[in-house]
Amino acid sequence: MANNYGVLLIFLFPVLGGIIGFFLGKKNKGTRNDWIDIVVIVQLAMLAYLAYMTIGKGTTFELSLGNFLGLGLSLTMDVVSVLLSILVTVVVAIVTQFMKESMKKEESSNRFYLLFMCTFGMILGACMTDNLFNFFMFITLALLFAWPLIMHRRDKLALANANIYIGFVTAGMVLILTGIVILFGYLGSVNYSGMYSSVMSRGGSGALLIAGLLTSLGFAMTAGVFPVQFQVTRGCSYGLIEISTLLSSLVSKLGIYGILVIAVDLFVENKFYGRVLLVAALMTAVWGILVTLTSTDIRKILMGLDIATNGFVLLAVSLLVLGGSSNQYSVRSVVYLLFASAISIAVLYMVSLELVRRNQNYEIKGLVASGKGNPLLGAATLLAGISLAGVPGTLGYLGYGTLFKSISTGIGWKWLVVVYIILWGFLMTAVLRIFMKFFISKPDEPLRILTSEEEELVGDNSLEAKGKDDQNAYRFGEILLLLAGVVQVVMGVIPEWSANYQPIITKFITFCNLNETVHLEVNVYSKSVLLAGGIAVIICALFYTNLVHGVLLRVIRNRKNKKLKAEAEQNKENM
Amino acid sequence: MLSKILITVAALLILAGLIGLKMKMVGKRLLFVCIAAVGMVILSVAEMNTYGLVGGCFQAIYRILAIIPGILLFHSICKRNGITDIEGLNGVGRKMPYTYVLLVFLCMVTIGIPITGTFTGIIYSEIGLLAGGYGVFTYVGLIGNILGIVVPVMLLFPMLRRMYFPEKEKNTDVAEGVATVAPSPAKSLLVIGWLLAAVLLVFSLYQQPVLVAISTVMQKFFS
C-alpha cells in the first residue's frame with residue numbers, strides 16, 4: 001500500500017498543539033486551555049474517522065519511511081492501533097479537563113502542558129507502530145518527557161523518587177535495546193509480523209530466549225511488574241496526580257502491551273516463558289493489592305491498584321502463552337482488562353484529584369467522606385469501581401470472566417482457579433475500600449483520652465474533609481467521568497455489540513496470532529463464572545469487614561481485654 | 001587479536017567514566033563523559049567490520065558535534081556565574097531557559113537517546129559486535145555498550161536536573177518565581193550552539209546523507 005503521510009499527523013499533532021499551547025499560555029492561560037481542548041477534540045475526530053475507515057471499511061493506513069531517523073519509521077493504523085489510540089486520547093481528554101482547574105495555581109503550568117502533550121504524542125506513536133524498534137523509541141521518549149513532570153513541584157521527596165524513576169527508566173530501556181538488537185541480529189526483522197513468521201520458520205533458540213527475556217524484563221519495569229516495579233512505584237506516588245494518571249493508566253499498560261507483543265510473536269506455546277510470566281503476574285497482583293490495602297497516600301493506593309490490575313492482565317498474557325493457539329479467552333481478557341483498567345483507574349485518579357484539590361490533602365484520612373454530597377462524582381466512582389472490581393454487567397467483568405474461563409477451561413489448573421478467585425476477592429476489597437472512604441465512611445472519632453493540645457487540634461475543623469463544597473465542583477469533568485463509567489456498563493451489558501463485536505475482536509485475535517477462524521461462543525454469564533464472581537464477592541465482604549474495618553481483630557482484642565480485666569479483678573480480690 | 005585488545009581497552013575506558021560520579025567539579029564530570037564517549041567510539045571501531053566502523057563514525061560525528069559546544073556552554077555558564085561544583089548549578093537553568101533547552105538537547109545527543117544519530121551509531125555498534133563473533137569479548141563489548149549508555153546518563157542527568165529542578169526549600173527566590181538574572185554565555189557561543197543543534201536535529205531526523213558520506217569515505221579508505 002502507498003505511504004499515507006496523514007498518519008504522521010496523529011502523533012505529531014498533540015506535540016505541535018503542545019508547543020503552540022505553550023506560547024499561547026504565556027499570554028493567557030484561558031486561551032491555552034481552550035486551545036488544548038481544540039487539539040484533543042480534533043484528535044478524537046481524526047481517530048473517529050480512522051475508526052470508521054478501519055472498522056467499517058476495512059482500510060489500513062500505513063506509513064513506512066526507511067531512511068527516516070536512521071533506522072526507519074514504520075506506522076500502521078489498523079483496528080488495533082486505532083482503538084488503542086482512541087483509549088489513550090479519551091484518557092488524556094479526561095485528564096486535560098481536570099487540569100484546567102488543578103493547574104490554575106500551579107507554577108510553570110505552561111511547561112507542564114507542553115511536556116504533557118509531548119508525552120501524549122509519544123504514547124500515541126507507541127500505539128501506532130508495528131515495529132518493536134519504533135515502539136521502544138516512542139516509549140523511551142514518553143518516559144523521558146514524563147521525568148520533568150514528576151519533578152514539577154520540586155519538593156525533596158518528588159526529586160529523590162524522580163532520580164530512582166529515571167534510573168529504572170535507563171535500566172529498562174538499556175535492557176530492551178539489548179534485547180531488540182539481539183532479536184534483529186537473529187531474526188533479521190523486528191517488525192511484529194516479521195518476527196512471528198521468522199520464529200515460525202527458524203524455530204526457537206537460546207539467543208532468542210535471552211533476547212526475549214531481556215526485552216520482557218525491560219517492559220516489565222515499565223509495567224511495574226514485581227519485583228522490578230520501582231519505575232512505576234516511584235514515578236506515580238510522589239508527583240502530581242495528573243502525571244501519575246498518565247503513567248499509571250497509559251504508560252504502564254504500554255509495558256504490558258510490549259510484553260504481549262513479545263509473548264505472542266516470539267514465545268508461542270513456550271511453557272518456560274509462560275510459567276515465568278505466570279509467577280510474575282501472581283506476585284505482581286499480590287504486591288499491588290498489598291500496597292493498596294496498606295497505603296495511606298491516595299497516590300500510592302491508586303498506584304497499587306494499577307499494579308494489581310496489571311498483574312491480572314499479565315496473568316491473561318501468561319495464559320495466552322501457556323494455552324496455545326486455541327485459547328481465545330485469554331486474548332479477550334487481555335483486551336477487556338486493558339481497556340477497563342485504563343479507563344477506570346484514570347477515573348479514580350481524577351476523582352482523587354478533584355477531592356485532593358478541594359481538601360489540599362493526599363492522605364486518605366483527610367479525604368474520608370470528602371465526596372459526600374457530590375452524587376455525580378459518587379456515581380462516576382461507583383461505575384469505575386464496579387468495572388475495575390469485575391462486578392457483572394461491566395466491561396471489567398467481561399475481562400475477569402474470560403480470564404476465569406481461560407484458567408478453568410483453557411488451562412484447567414485447579415490451584416490457579418482457587419488463587420485467582422481469592423485474588424479477585426482481594427482486588428474487590430481494595431476497590432471497595434477506596435469507594436467507602438470517599439463516599440460512605442465517617443471520619444474517625446477520637447476514642448482515647450486526649451491531651452489538651454490534641455483536643456485543640458480536634459476542635460480545629462481545618463483538618464476535616466470538605467465534602468459539600470459544591471461551589472468548587474467541576475461539573476463538566478464529573479459528567480465526563482460518569483460517561484466513561486456508563487460506556488463500560490454498556491459494553492458489559494451488550495458485549496456482542498460492543499466489546500465482543502466480531503469485526504473488532506477478530507483483529508485482536510489475529511494480532512495475537514491465534515486462529516481467528518475458530519469461532520468461539522463466549523458466554524461470560526455462565527453459571528461457573530457467576531459462581532466464581534459470587535465467591536469473590538463473599539470473600540470481599542469477609543475481607544472488608546475483617547481486614548479493613550478490623551471487626552475480627554476488634555472481637556479478638558475485646559475478648560483479650562475482657563480476659564485481662566477479669567484476671568486483674570481476680571488478682572485484686574485475692575490481694 | 002587487535003580487536004579483542006581494543007574491545008577490552010574500550011570497555012575499561014567506559015568503566016573509567018564511572019569515576020566521574022565521585023567528582024563534584026563540573027569540568028571533571030564533563031571530562032569523564034568525554035572519556036566514556038571515546039571508549040564507545042573505540043569499542044565500535046574495534047569491531048573491525050562494516051557495522052562497527054559505520055557505528056563508530058556515526059558516534060564520533062554526533063558526539064563531537066554535541067559535546068564540544070556542550071562543554072563550552074557549561075564552561076561559560078560556570079565561569080560567568082562563579083560556579084565550580086555541581087551544587088552551584090542549582091537553579092541556573094531557570095534563569096536562562098532557552099540556553100538550558102539548548103544544553104539539554106546537546107546532552108541528549110551526547111547520551112544517544114532514540115532519534116539521535118548517536119543512538120543509530122550505538123545500534124550499529126551492537127549489531128557489529130554480535131556479528132563479529134569475538135567469543136567472551138562479545139559479552140565484554142556488550143556490557144561496555146550498555147555502560148556506555150548508562151554512564152553519560154548518570155553523569156549528565158543529575159547536572160541537568162539541578163539546573164532546572166533544584167530543591168524548593170533551598171532556593172526560595174526561584175521557588176517564589178522572583179525574576180532573577182544570571183549572566184548568560186557569550187552570544188557568539190550561543191549562536192554557534194544553536195546552529196550546531198539545528199544541524200544535529202536535521203541530520204538526526206534524516207541521517208541518510210551522513211550514512212552516504214561515511215560509506216563513501218570508507219570505500220576510499222579500504223579500496
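Just so we're on the same page: letters track the sequence lines, and every chain starts at 1.
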Enquirer: Can you tell me how far apart CE (M103(A)) and OG (S108(A)) are? Round to the nearest 0.5 Å.
Expert: 8.5 Å
Enquirer: So does E107(A) pair up with R94(B), basic N to acidic O under 4.0 Å?
Expert: yes
Enquirer: For the pair E242(A) and R153(A), evaluate salt bridge (Lys or Arg N to Asp or Glu O under 4.0 Å) and give the outcome as yes or no after the intermediate values.
Expert: CA-CA 12 Å; E242(A) 292 86 339; R153(A) 276 191 179 160; over 6 Å; no
Enquirer: Check the orientation of F112(A) and F116(A). Use parallel for under 30°, tilted for 30 to 60°, and perpendicular for over 60°.
Expert: parallel
Enquirer: Does any backbone or side-chain atom of I180(A) lie under 4.5 Å from a heavy atom of chain B? Answer side chain, backbone, both or neither.
Expert: neither
Enquirer: If I measure from the heavy atoms of chain B, does F138(A) come under 4.5 Å with its side chain, its backbone, both, or neither?
Expert: neither
Enquirer: Compare every heavy atom of T110(B) with every heavy atom of R63(B), then report the nearest pair and how far apart it is.
Expert: NH1-O, 2.6 Å
Enquirer: Can you tell me how far the CZ atom of R299(A) sits from the OG atom of S244(A), to the nearest 0.5 Å?
Expert: 7.0 Å
Enquirer: What part of L142(B) gets closer than 4.5 Å to chain A, counting heavy atoms only: side chain, backbone, both or neither?
Expert: side chain
Enquirer: Pick whichever of V210(B), I127(B), L129(B), N145(B) has the most heavy-atom pairs under 4.5 Å with chain A.
Expert: I127(B)
Enquirer: Under 4.5 Å, counting heavy-atom pairs only, tell me which of Y206(B), F157(B), Y124(B) racks up the most with chain A.
Expert: F157(B)
Enquirer: Give me the atom names and distance for the closest heavy-atom approach of M159(B) to L30(B).
Expert: CE-CD2, 3.8 Å
Enquirer: Quick one: which of Y186(A), F184(A), F133(A) has the most heavy-atom pairs under 4.5 Å with chain B, could you say?
Expert: F133(A)
Enquirer: Considering only heavy atoms, which portion of L211(B) lies under 4.5 Å from any heavy atom of chain A: side chain, backbone, both, or neither?
Expert: neither
Enquirer: Just say parallel, tilted or perpendicular for the rings of F230(A) and F168(A), cut-offs at 30° and 60°.
Expert: tilted
Enquirer: At a heavy-atom separation under 4.5 Å, does T140(A) approach chain B through its side chain, its backbone, both, or neither?
Expert: side chain
Enquirer: Where does I115(B) contact chain A at under 4.5 Å (heavy atoms): side chain, backbone, both or neither?
Expert: both
Enquirer: Please flag which part of L175(A) lies under 4.5 Å from any non-hydrogen atom of chain B: side chain, backbone, both or neither.
Expert: neither
Enquirer: Side chain, backbone, both or neither: which part of F119(B) has a heavy atom under 4.5 Å from chain A?
Expert: side chain
